[in-house]
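First up is the structure itself, then whatever we jot down about it.
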Amino acid sequence: MSQLITEPNISGADDFYAELLSLHEGRSKEDSDALNARLILILANHIGDRETLREAFELASAAGQQEQQS
Amino acid sequence: MVAVRYQTAFQLYPYERSTDQDASEPVRHSVVVVGGGPIGMAAALDLGLKGVPVLVLDDHDGVGQGSRAICFAKRALEIADRLGFGDPAVEKGVVWNEGKVFYDDRQVFGFNLLPEEGHKRPAFINLQQPYFEKFIVDRIRQAQADGVPIDIRGCNAVTSVTPNDDHVALSVDTPEGSYQLEADWLIACDGASSPIRNMLGLDFVGRVFEDNFLIADVKMQAEFPTERWFWFDPPFNRNQSALLHKQPDNIWRIDLQLGWDIDKREEQKPDNVVPRLKAMLGDDVEFELEWVSIYTFQCRRMEKFRHGRVIFSGDSAHQVSPFGARGANSGLQDTDNLCWKLKLVLDGRAPERLLDTYDIERVHGADENILNSTRSTDFITPKSETSRLFRNAVLDLSEVSAFARPLVNSGRLSVPCVYDGSPLNGSDDTTLPKATRPGAPATDAPLTSGDWLLDRLGNTFQLLAIGADVPECLEIDGIEVENVPVEPNDTIRERYLGSAPSAIYLMRPDQHVAARWQSFNREAVAAALKIATGNA
């Protein structure tokens with residue numbers, strides 16, 4: 001049974017997206033990459049559940065592959 | 001001639017001519033151990049104390065210089081206790097619990113491995129390997145005086161080995177020429193570059209890490225505390241790591257990662273080493289260089305540790321990175337596992353296939369160590385840009401947020417191996433605590449009588465009877481099972497009973513749990529003993 005929420009779950013989607021992008025504004029690629037890595041670790045710890053995390057890993061990989069195939 | 005491969009710290013067994021050298025026919029020995037390092041000597045001591053005549057052949061006449069292994073873990077100390085040299089090791093060793101992690105130019109966090117109460121031995125001690133080896137040989141000398149059948153021959157180098165169905169034939173070189181020997185069983189404890197393994201043309205596969213470490217022991221009167229300090233990417237060793245750790249006698253172990261593309265001979269010269277150490281320790285710290293070595297490490301193991309009558313233990317069978325103190329500590333668990341099995345086979349109480357469970361259980365242990373060691377190495381030396389990105393993210397976060405600290409991996413220190421899934425594991429009552437399940441080594445606990453549980457366990461099969469009655473003495477299929485009655489106290493309850501009122505643990509001679517129940521039943525114990533001895 002899936003633990004990972006894949007239905008829309010963030011209220012104010014456009015606002016959230018703008019906030020995420022503004023976090024990276026004015027940063028070098030290197031800085032942004034480092035920030036993303038920190039962010040992944042923080043969010044992963046917040047989720048905590050290994051099964052949910054694995055589902056997220058799978059979804060992220062699968063989505064990337066579809067992109068490559070198209 | 002016997003080649004000198006290294007300088008000795010203590011000459012402990014100078015060459016003496018043996019009557020075997022003048023025999024007309026090769027003399028047959030029950031067990032020959034090749035290699036007089038800590039693992040070979042522990043094997044000899046263990047077998048000797050069990051009454052098995054054992055001959056140790058070492059191509060040197062004492063223990064090698066240089067501290068090499070420095071961190072001895074609790075399980076290794078418990079094995080040392082069982083063999084009778086735990087006290088001198090712990091008295092001489094440095095006990096430590098605290099550490100600091102540095103990243104770039106700053107400390108990111110400190111830790112305290114708060115030891116769990118109720119164990120005789122600390123989680124780790126730091127002790128130079130030559131001392132550890134000397135304490136084993138001292139104990140062997142004491143045992144020999146009591147008539148324990150151990151023979152150590154220094155400057156005896158094995159030059160050929162021929163396996164046969166019922167014995168192994170050896171050629172041995174000495175300062176007075178060569179002679180022939182035979183062994184019913186051969187235990188090869190001759191180190192990572194094992195000549196025996198090479199003579200037999202056996203595999204040793206795994207991953208070579210493209211990295212070099214400068215390992216230096218320095219003597220200094222310094223104010224550094226008794227802590228493990230680990231640096232990631234420090235200013236004095238950019239893009240590399242460094243480690244500082246205290247040993248007895250005001251000696252400090254320093255590991256400096258050097259990277260792959262270096263000139264090993266140049267880097268070992270004091271003219272190059274001293275400036276590196278000064279950059280690390282500060283210009284005003286005075287120190288003497290005791291020992292320097294360059295280490296390239298590999299994580300690999302033999303596919304099988306038993307090859308007929310030749311059995312490999314310690315580094316000859318498996319090699320790991322130094323991070324995590326898994327070399328000597330796992331080697332001691334090898335012979336801990338092997339010796340009682342070999343004794344039963346020699347006595348005709350168990351079939352030879354019991355020795356295959358040495359292979360199964362210790363390959364499992366080696367794989368666990370290789371996995372942990374590889375992970376530490378991948379954290380310390382990221383192999384890709386992305387892995388470096390995450391490594392640095394973990395370190396940056398560890399400074400400001402506790403959650404990231406468990407992700408920092410500068411070596412996961414050795415914990416005892418649990419033989420889950422071993423064919424020797426018998427019946428389990430799963431309502432009893434998980435930590436003491438079949439396959440696990442006994443967890444120590446203080447006894448109401450004032451001594452320690454682990455001092456009561458080992459060397460024979462035993463029934464640990466907690467708050468339960470068992471017959472005074474049991475003999476099943478010619479194997480004696482000793483009764484060890486223990487009164488429950490809070491620690492014993494927590495570690496062995498859980499919510500159960502009583503428990504019976506069948507313990508192996510290496511202090512691992514074979515099977516357990518809530519109450520005694522002779523048939524159940526007999527069945528479990530058959531399983532645990534390979535007789536099922």
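Chain letters run A, B, ... following the sequence lines, proteins first and then strands; every chain starts at 1. All figures in this text were calculated on a predicted structure; none of them were measured in a lab.
Atom CG of A:Asn45 is separated from atom CG of B:Leu407 by 7.5 Å, given to the nearest 0.5 angstrom. Taking CZ of A:Arg38 as the reference point, atom CG of B:Leu389 lies at 9.0 Å (rounded to 0.5 Å).
B:Ala393 approaches A:Ala37 most closely through the heavy-atom pair CB-CB, 3.7 Å. Shortest non-hydrogen contact noted between A:Ile40 and B:Phe390 is CD1-CZ, 3.9 Å.
Top candidate by heavy-atom pairs under 4.5 Å with chain B, chosen from A:Asp33, A:Leu35, A:Asn36, is A:Asp33.
Other residues, nucleotides and ligands place more than 12 heavy atoms under 6.0 Å from the CG atom of B:Asn112. Residue A:Arg50 places its CZ atom among 12 or fewer non-hydrogen atoms of other residues, nucleotides or ligands, all under 6.0 Å distant. More than 12 heavy atoms of other residues, nucleotides or ligands lie within 6.0 Å of CZ in B:Phe224, so this atom counts as buried by the packing criterion. Counting heavy atoms of neighbouring residues, nucleotides and ligands inside a 6.0 Å radius, atom CD of B:Gln107 exceeds 12 of them. Taking a 6.0 Å sphere around CZ of B:Arg375, one finds it holds 12 or fewer heavy atoms contributed by other residues, nucleotides or ligands. Taking a 6.0 Å sphere around CG of B:Asp261, one finds it holds 12 or fewer heavy atoms contributed by other residues, nucleotides or ligands.
Looking at A:Ile42, the atoms closer than 4.5 Å to chain B (heavy atoms on both sides) sit in the backbone and in the side chain alike. Contacts between B:Asp396 and chain A at a heavy-atom distance below 4.5 Å involve the side chain alone, from C-beta outward.
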